[in-house]
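Encoded as structure tokens, the structure appears first; notes follow it.
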Amino acid sequence: MDERLRRWRMVLGGDADGTGCSLTGTDAQMDGALAALYNGGEGSAERSAGLGASAPRVARWLGDIRSYFPSTVVQVMQKDAVERLNLTRLLMEPEMLDAVEPDVHMVGTLLSLNRVMPEKARESARALVRKVVSELERKLVQKTKAAVTGALDRSARTHRPKRAADIDWDRTIRANLKNYLPERNTVIPSRLVGYGRRQRAVQREVVLCIDQSGSMAASVVYSSVFGAVLASMSSLRTSLVVFDTAVVDLTDQLHDPVELLFGTQLGGGTDINRAIAYGQGLITRPNDSIFILISDLYEGGVREEMLRRVAQMTAAGVQVIVLLALSDEGAPFYDHDNAAALAAMGVPAFACTPDAFPDLMAAAIERRDIGRWAERRLERTAT
């Protein structure tokens, strides 16, 4: 079979009339798995014949696609299956969860079902969530700790080190190269660069305030993992609250991000003002505090009060950061008017990917211009 025709046949689906090619073996099985999900329109009989609402059939299909396609493709197909075929009810069955390829989107779906999930499915759901969280921690912990520790060290740099052991000789030499004496083959250090004494006490307060409305599912997952990493660092005092129309403080669960995630309740309304008010009350040292609001900014509470509270925090010296999303998907639909109002206060709102978050934390600790940081990040991504 001509390879180009074969590929077009796989892309186009349907019968072989359009290309004159028929599929056999593994190709036919792959085509069948794709057709079961994507053939037919919304609610069509053809599509229902593919998967329908049969748990055994769907579980078998989930196993098939894991054998035919790479995990990245499987994750996309799973997400599409949940959305197109309304499989949320079936995901409450343990055998279904055992067949699923774990990923952030599936965790978000399970968390949205948390309150209605039968007890028999909870163990499988927790195992899936824990697998995803462990993988995220493996990827993110070292990078986050290195970025934050480095930023704290740089922020403690001094030009008057008290001991020789506190001198950063590499930076001192580079800062004094203009004082190089060729005849003596040496540098005369007119200005020393060193480290401030390392402090065991808390150096920064971090408040993560997370919107748990349905559209923020992936952001809730990533925020919980980052919150747990930050909470493990003694130089930071980290608090984490989630909100819809109510506010829930989950700081005491930061030691276990899986338990933390099961303490969230995705969906519902949004009262950002109430959440900011609560988070504002957690701040004891404004000049050493970073307040991170993760929300699409659709306010169901009092908008003017929300903006006033943000202005109060920035005026007091708090580093306020607003993330429209903390995920790999870019900015979701968000309230452009509220984003513009915050930008006018010097608090830009933007989406951040998980791989960029450690550098964002470092920039905040060093009190760099966050708006400029976001612009440079966007420029690098565009090129």
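Hydrogens, waters and symmetry mates are skipped; everything else that's a heavy atom, side chains included, is used. Residue numbers count from 1 along this sequence. In this text, all values refer to a predicted model and were calculated from it rather than measured experimentally.
Here the closest non-hydrogen pair linking Gln253 and Glu259 is OE1-O, 3.0 Å. Ser124 and Pro94 make their closest contact through OG-CB, 3.7 Å (heavy atoms, listed as atom of the first residue, atom of the second, distance). Nearest heavy-atom pair across Ser219 and Leu326 is OG-N, 2.9 Å. Listed here is the closest heavy atom pair of Asn114 and Arg122: O-NH2, 2.7 Å. The shortest non-hydrogen separation linking Pro348 to Gly371 is CG-CA, 3.5 Å. Of all non-hydrogen atoms in Cys352 and Leu360, the two that sit nearest each other are SG-CD2, 4.1 Å.
Separation of atoms CD (Gln280) and OG (Ser289) is listed at 11.0 Å; rounding is to 0.5 Å. One distance of note links CD of Gln75 with CE of Met106; it measures 9.0 Å at 0.5 Å rounding. Atoms OG and CG, from Ser224 and Leu240 in turn, are 6.0 Å apart once rounded to the nearest 0.5 Å. Atom CG of Leu254 is separated from atom CZ of Phe226 by 14.0 Å, given to the nearest 0.5 angstrom. Of the inter-residue distances, the one linking Asn338 atom CG with Leu307 atom CG reads 6.0 Å to the nearest 0.5 angstrom. One finds the CG atom of Asp244 at 11.5 Å from the CD1 atom of Ile272 (value rounded to the nearest 0.5 Å).
At least one side-chain heavy atom of Ile292 sits under 4.5 Å from a side-chain heavy atom of Phe357. The closest side-chain heavy-atom distance from Val207 to Ile290 is not below 4.5 Å. Between Asp296 and Asp335 the shortest side-chain heavy-atom distance does not fall below 4.5 Å. Under the 4.5 Å side-chain criterion, counting only non-hydrogen atoms from C-beta, Ile276 is in contact with Met313. The closest side-chain heavy-atom distance from Ile294 to Val220 is not below 4.5 Å. A 4.5 Å side-chain heavy-atom check between Phe350 and Ile370 finds at least one atom pair inside the cut-off. With contacts defined as side-chain heavy-atom distances shorter than 4.5 Å, the pair Leu128/Arg130 does not qualify. The shortest side-chain heavy-atom distance between Val133 and Leu261 falls under the 4.5 Å cut-off.
Hydrophobic clustering places Phe262 together with Val242 (ILVMFWY residues linked when any side-chain heavy atoms are closer than 4.5 Å, directly or through intermediates). Taking hydrophobic clusters as Ile, Leu, Val, Met, Phe, Trp and Tyr residues chained together by side-chain heavy-atom distances below 4.5 Å, Val73 shares a cluster with Val132. When the side chains of ILVMFWY residues are joined at heavy-atom separations under 4.5 Å, either directly or via intervening members, Val141 and Val206 end up in two distinct hydrophobic clusters. Under the 4.5 Å side-chain heavy-atom criterion for ILVMFWY residues, a single connected hydrophobic cluster contains both Val258 and Leu113. Linking ILVMFWY side-chain heavy atoms closer than 4.5 Å, directly or via other members, places Met345 and Ile283 in a single hydrophobic cluster.
Using modelled atom types, one finds no donor on one side chain facing an acceptor on the other under 3.5 Å when comparing Thr270 with Glu299. Of the N and O atoms on the side chains of Gln212 and Gln265, not one donor lies less than 3.5 Å from an acceptor on the other residue. Side-chain polar atoms of Asp328 and Tyr222 form a donor-acceptor pair below 3.5 angstrom. No side-chain donor from either of Asn273 and Glu305 sits under 3.5 Å from a side-chain acceptor of the other.
The backbone N or O of Arg237 lies less than 3.5 Å from no partner atom in the side chain of Arg204, so there is not a single donor-acceptor pair. A distance-only check finds a donor-acceptor pair linking the side chain of Thr109 to the backbone of His105 [under 3.5 Å]. In this structure a side-chain-to-backbone donor-acceptor pair under 3.5 Å is missing from Gln203 to Leu236. Looking at Trp61, its side chain does come within 3.5 Å of a backbone N or O of Ala33 through a donor-acceptor pair. One N or O on the side chain of Ser232 and one on the backbone of Val229 form a donor-acceptor pair closer than 3.5 Å.
Legend: residues meeting salt bridge (charged side-chain N to carboxylate O under 4.0 Å, His left out) with Glu183, ordered by chain and number and at least two apart, are absent.
Within the structure, salt bridge (Lys or Arg N to Asp or Glu O under 4.0 Å) pairs that include any residue of residues 345-358 comprise Asp355-Arg377 (at least two apart or interchain).
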inquiry  = Is there a side-chain contact (heavy atoms from CB on, under 4.5 Å) between Asp80 and Leu37? Walk through the geometry before answering.
reply    = CA-CA 8 Å; Asp80 288 346; Leu37 174 59; 4.1 Å; yes

request  = Verify side-chain contact (heavy atoms from CB on, under 4.5 Å) between Ile188 and Thr186, making sure each step is shown before the conclusion.
outcome  = CA-CA 7 Å; Ile188 304 299; Thr186 190; 4.3 Å; yes

ask   = Is there a side-chain contact (heavy atoms from CB on, under 4.5 Å) between Val148 and Leu230 once you walk through the steps?
value = CA-CA 9 Å; Val148 170; Leu230 297 175; 4.0 Å; yes

query = Is there a side-chain contact (heavy atoms from CB on, under 4.5 Å) between Val241 and Ile210 once you walk through the steps?
reply = CA-CA 6 Å; Val241 299; Ile210 308 167; over 6 Å; no

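Within 6.0 Å of CD on Glu123 lie no more than 12 heavy atoms contributed by other residues, nucleotides or ligands. The number of heavy atoms from other shown groups lying within 6.0 Å of CD (Gln142) does not exceed 12.
Classification of Arg372 and Glu379 as a salt-bridged pair holds, one side-chain N sitting under 4.0 Å from a carboxylate O.
The cationic group of Arg274 does not satisfy the cation-pi geometry with Phe243, failing either the under 6.0 Å distance to the six-membered ring centre or the 45° limit from the ring axis.
The hydrophobic cluster of Val76 has no other members, since no ILVMFWY side-chain heavy atom comes under 4.5 Å of it.
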